[in-house]
Visitor: 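Quick one: the structure is below, and I'll ask about it shortly.
These numbers come from a predicted model, not from an experiment. Chain naming here is simple, since letters A, B, ... match the order of the sequence lines and numbering starts at 1 in each.
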Amino acid sequence: MWEKVLAMAKRRGFIWPAFDIYGGMRGFYDYGPLGAELKKNILKIWRDYYVVQEGMAEIDSPNLSPEDVFRASGHLDKFEDYMTVCEKCGSAFRADKLLNIEHADSLSADELWEEMQKEKIKCPECGGPLSKPEPFNLMFKTRIGPKGKRERVGYLRPETAQAMFMDFSYLYRYFREKLPFGAVQIGKGFRNEISPRQGLLRLREFNMAEAEVFFDPENKSWPGFDRYADDEILLLPNTGGEMRISLGKAVKKGIIKNEALAYFIGLTRDFLLKIGIDEGKLRFREHLEDEMAHYADDCWDAEVLLSYGWVEIVGIADRTDYDLKRHMEFSGERLVAMRRYDEPKEIERLEAVPDFKKLGPLFKKDAKKVAEALKSMDPSALKGAVKVKVDGKEYEVPESAYTVKKVKKKVSGEEFIPHVIEPSYGIDRILYAVLEHNYNEIEEEGETYRILSLPPSVAPIKVAVFPLMPKDGLDSMALDIYRDLLRMGFRAVYDDSGSIGRRYARMDEIGTPYCITVDYQSLEDGTVTIRMRDTKEQVRLKIHELPEKLKEMGMSGGMRG
RNA sequence: GCAGGCGUGAUCUAGCUGGUUAGGAUAAGGGCCUUCCAAGCCCUUUGCCCGGGUUCGAAUCCCGGCGCCUGCACCA
């Protein structure tokens, strides 16, 4: 099946292998004119959901990031594997997985090699000797800046999410310090896949649309949840089994852990159906514990049934406060939100007050740090001489250098690190799924007709205009209509070559929902026929009624819907 | 990354035990014809994945690379 879809996609200009004249490069594809248009339409609808309806803020950040970012995000460690190859049968393995010790995944190449020799590890397949482990990081590494001192190591981002975390404080202020709010980004991600395959399903450079929804972990209810609460969805929870259940019930029964997650499952389903994913081939599957990404606490994938099997196209992950916490730790910046009380509270609490007259002479340069360490300790536990640790050194602070006092303070709220729900969409996979789910072949009189039943809103070409014959003034009339439609912002084509049936067939194959034909009656009464792709049904109407009719049939003009 | 299979115009394919100008179908462009679903006729365009070797001669045999497919491994 995918061969047929990909052959059509290649022939008609949806998808082309990239760098083809140089032999191609696996894991890289070009979108041809129709594919680029289709992608644009899918993203437009995605934005309608996330940016327009949900009011999320769209940002746009660099593809290339300095190393620090991925040190914090965990991708540098968790994304790097050491591979060892059997010198006899050629099988490749992750070195750390072959060892019988704990935390083998944190060892260096040399340590792994040492350990492998100690344990006398042989190839699990054939018993042959294994090579020294070689690092393999899924991120593309490069250098930023001129060679020399100024040079920094950079990586192409493996996901777009990090920017939303790094910009958290800006976003929080932008949203006037109110949660929940969401930020989205549409962009490219890069992963140096070991063995990309299966067309658009595993690319090395891919398009993704991600939303990071920040909310208070104490309140995982979701404002508009009612909208999707009654939607019946096919769920596969990680406790096993398969069920069709409404989202409201799933939350009540604890199958989906909170409303926020469930809401975005509902929204994702709504979006996918809108762009033409087949409902009967859609399900939501919860990740198994050991399947989860290093940052995720829970994750539901939207999976679609393709000729390759069930394929993940959207991941909806509960990233908790993992990312903000890590960036706080690595950058030293405070990435927190405020939970405001209804009224400011006056609270009384114990506080350690250091006496710098004493601390100064005692600890010199480190005095300030000692004081800070002292303040961060539990004041009720402070008694007598206290030991504090500063930069690995231990100091003893005498009782006379500080006092513990009761202090009254006005507090208008408390700080906390927001949690994040992340719906992450693989646009290329989604686009392919839309093609495959809408691709139909009909055998008629020994000939194969192909119809791409795309929803009008995503179809790359919205309408075609044909003269029945390219003569007798039919052609000039059709050209006028075509130009008017273009001016009104419709994606239209004009075609007068070959027989009319051939032209319809061409349009059917690329999913054009409507064809307008100018015939001899048109010359007499100013009417044309409009033909529906899926039913081949024709309706006759006045030319001036066309724009209204086209809009009514569920498609938007390019300019404004 | 390993193993196996495969690679002929835009698409599908014949030729592949070496031997003329690599054949067909579809598509595409032009023309004729044609009053609504890939009709017909004429003309035209595009090809042996890349590189090396063996040979008088390679699409064909051998080696290497690249790509595609399947399996294994990998897929935060």
Visitor: Look at the side chain of Arg506(A) and decide which nucleotide, out of rC37(B), rC75(B), rG29(B), has an atom nearest to it.
Guide: rG29(B)
Visitor: Starting from the 5' end of RNA chain B, give me the residue, Glu537(A) or Lys471(A), whose nearest nucleotide shows up first.
Guide: Lys471(A)
Visitor: Let me know the distance between CZ of Arg502(A) and C1' of rA38(B), rounded to the nearest Å.
Guide: 5 Å
Visitor: Could you tell me whether Lys549(A) and Glu552(A) make a salt bridge, using a distance below 4.0 angstrom between a side-chain N and a carboxylate O?
Guide: yes
Visitor: Please determine whether side chain to side chain contact (heavy atoms under 4.5 Å, CB included) holds for the pair Ser61(A) and Gln185(A), giving the CA-CA distance in whole Å, both sets of side-chain angles, and the decisive distance to 0.1 Å.
Guide: CA-CA 8 Å; Ser61(A) 73; Gln185(A) 186 165 199; 2.9 Å; yes
Visitor: Find the distance Phe28(A):CZ to rC68(B):P and express it as a whole number of Å.
Guide: 11 Å
Visitor: How many whole angstroms separate atom CG of Leu6(A) from atom P of rC12(B)?
Guide: 11 Å
Visitor: Which listed nucleotide (rC36(B), rA38(B), rU34(B)) is nearest to the side chain of Asp519(A)?
Guide: rC36(B)
Visitor: What is the distance, rounded to the nearest whole Å, between atom OH of Tyr29(A) and atom P of rG67(B)?
Guide: 11 Å
Visitor: Side chain of Ser497(A): nearest nucleotide among rG29(B), rC37(B), rU11(B)?
Guide: rG29(B)
Visitor: Which part of the nucleic acid does Gln538(A) contact within heavy-atom distance under 4.0 Å: base, sugar-phosphate only, or nothing?
Guide: base
Visitor: By nearest heavy atom, map Leu468(A) and Glu159(A) onto RNA chain B; which one lands nearer the 5' end?
Guide: Leu468(A)
Visitor: Using atom C1' of each nucleotide, how far apart are rC16(B) and rC62(B) to the nearest Å?
Guide: 15 Å
Visitor: Using atom C1' of each nucleotide, how far apart are rC42(B) and rG53(B) to the nearest Å?
Guide: 47 Å
Visitor: Can you measure Glu441(A) atom CD to rU11(B) atom C1' for me and round it to whole angstrom units?
Guide: 13 Å
Visitor: Looking across every strand, which nucleic acid part, if any, lies under 4.0 Å from Pro467(A) by heavy atom: base, sugar-phosphate, or nothing?
Guide: nothing
Visitor: Which whole number of Å gives the distance between the C1' atom of rC61(B) and that of rG23(B)?
Guide: 23 Å
Visitor: Does any nucleotide pair with rG51(B) by Watson-Crick or G-U wobble geometry, both distances under 3.5 Å, and what is it?
Guide: rC63(B)
Visitor: One pair to check against side-chain hydrogen bond (donor to acceptor under 3.5 Å, both in side chains): Asp519(A) and Thr517(A). What are the steps and the verdict?
Guide: CA-CA 6 Å; Asp519(A) 58 11; Thr517(A) 301; over 6 Å; no
Visitor: Is there a donor and acceptor pair closer than 3.5 Å between the side chain of Glu193(A) and the base of rC74(B)?
Guide: no
Visitor: OP1, OP2 of rU11(B) versus side-chain N and O of Lys10(A): anything below 4.0 Å?
Guide: yes
Visitor: Using the P atom as the point on both nucleotides, what is the distance between rU34(B) and rA25(B), in whole Å?
Guide: 26 Å
Visitor: Got more than 12 heavy atoms from elsewhere within 6.0 Å of NZ, Lys325(A)?
Guide: no
Visitor: Remember a base hit wins even if backbone is also touched, and classify Arg202(A) as base, sugar-phosphate or nothing at under 4.0 Å, heavy atoms.
Guide: base
Visitor: Does Ser499(A) make a side-chain donor-acceptor contact with the base of rC37(B), cut-off 3.5 Å?
Guide: no
Visitor: Hunt down the Watson-Crick or G-U wobble partner of rG57(B), both distances under 3.5 Å, from any strand shown, or write none.
Guide: none
Visitor: With no angle test and no hydrogens, is the base of rC37(B) tied to the side chain of Arg531(A) by a donor-acceptor pair under 3.5 Å?
Guide: yes
Visitor: Rounding to an integer number of Å, can you tell me how far Arg12(A) CZ sits from rA27(B) P?
Guide: 11 Å
Visitor: Is a donor on one side and an acceptor on the other found under 3.5 Å between the side chain of Arg143(A) and the backbone of Arg152(A)?
Guide: no
Visitor: Ignoring hydrogens and geometry, is there a side-chain-to-backbone donor-acceptor pair from Arg503(A) to Pro467(A) under 3.5 Å?
Guide: yes
Visitor: Taking the C1' atom in each of rU17(B) and rC43(B), what is the distance between them to the nearest angstrom?
Guide: 40 Å
Visitor: What's the CG-P distance between Asp496(A) and rC36(B), to the nearest Å?
Guide: 17 Å
Visitor: Within less than 4.0 Å of OP1 or OP2 of rA38(B), is there a side-chain N or O belonging to Tyr449(A)?
Guide: yes
Visitor: Classify the side chain of Tyr504(A) versus the base of rC36(B) as yes if they form a donor-acceptor pair under 3.5 Å and no if they do not.
Guide: yes
Visitor: Only pairs with both distances under 3.5 Å count, Watson-Crick or wobble alike; so what is the partner of rG40(B) in this structure?
Guide: rC32(B)
Visitor: With rounding to the closest Å, how many angstrom separate the P atoms on rG40(B) and rU26(B)?
Guide: 8 Å
Visitor: Output yes when a side-chain donor or acceptor of Arg533(A) lies under 3.5 Å from a complementary backbone atom of Leu452(A), and no otherwise.
Guide: yes
Visitor: Of the candidate nucleotides rU34(B), rG29(B), rG67(B), which contains the atom at the shortest distance from the side chain of Met469(A)?
Guide: rU34(B)
Visitor: Compare side-chain N and O positions of Arg11(A) against OP1 and OP2 of rC12(B) and report whether any pair is under 4.0 Å apart.
Guide: no
Visitor: If I pick the C1' atom on rG29(B) and the same atom on rA10(B), what distance separates them, to the nearest angstrom?
Guide: 13 Å
Visitor: Could you tell me how the ring of Phe264(A) sits relative to the ring of Tyr50(A): parallel (under 30°), tilted (30 to 60°) or perpendicular (over 60°)?
Guide: parallel
Visitor: Choose from rU34(B), rG67(B), rC36(B) the nucleotide whose nearest atom is closest to any side-chain atom of Pro470(A).
Guide: rU34(B)
Visitor: My understanding is that a pair needs two contacts under 3.5 Å, Watson-Crick or G-U wobble. By that rule, which nucleotide pairs with rA25(B)?
Guide: rU11(B)
Visitor: Whole angstroms only, please: what is the CE-C1' distance between Met25(A) and rC50(B)?
Guide: 15 Å
Visitor: So which nucleotide does rU17(B) pair with, by the Watson-Crick or G-U wobble rule with both distances under 3.5 Å?
Guide: none
Visitor: Taking any strand in view, what nucleotide pairs with rG71(B) in a Watson-Crick or G-U wobble way, both distances under 3.5 Å?
Guide: rC2(B)
Visitor: Say you pick atom C1' in rC2(B) and the same atom in rG19(B); how far apart are they, in whole Å?
Guide: 39 Å
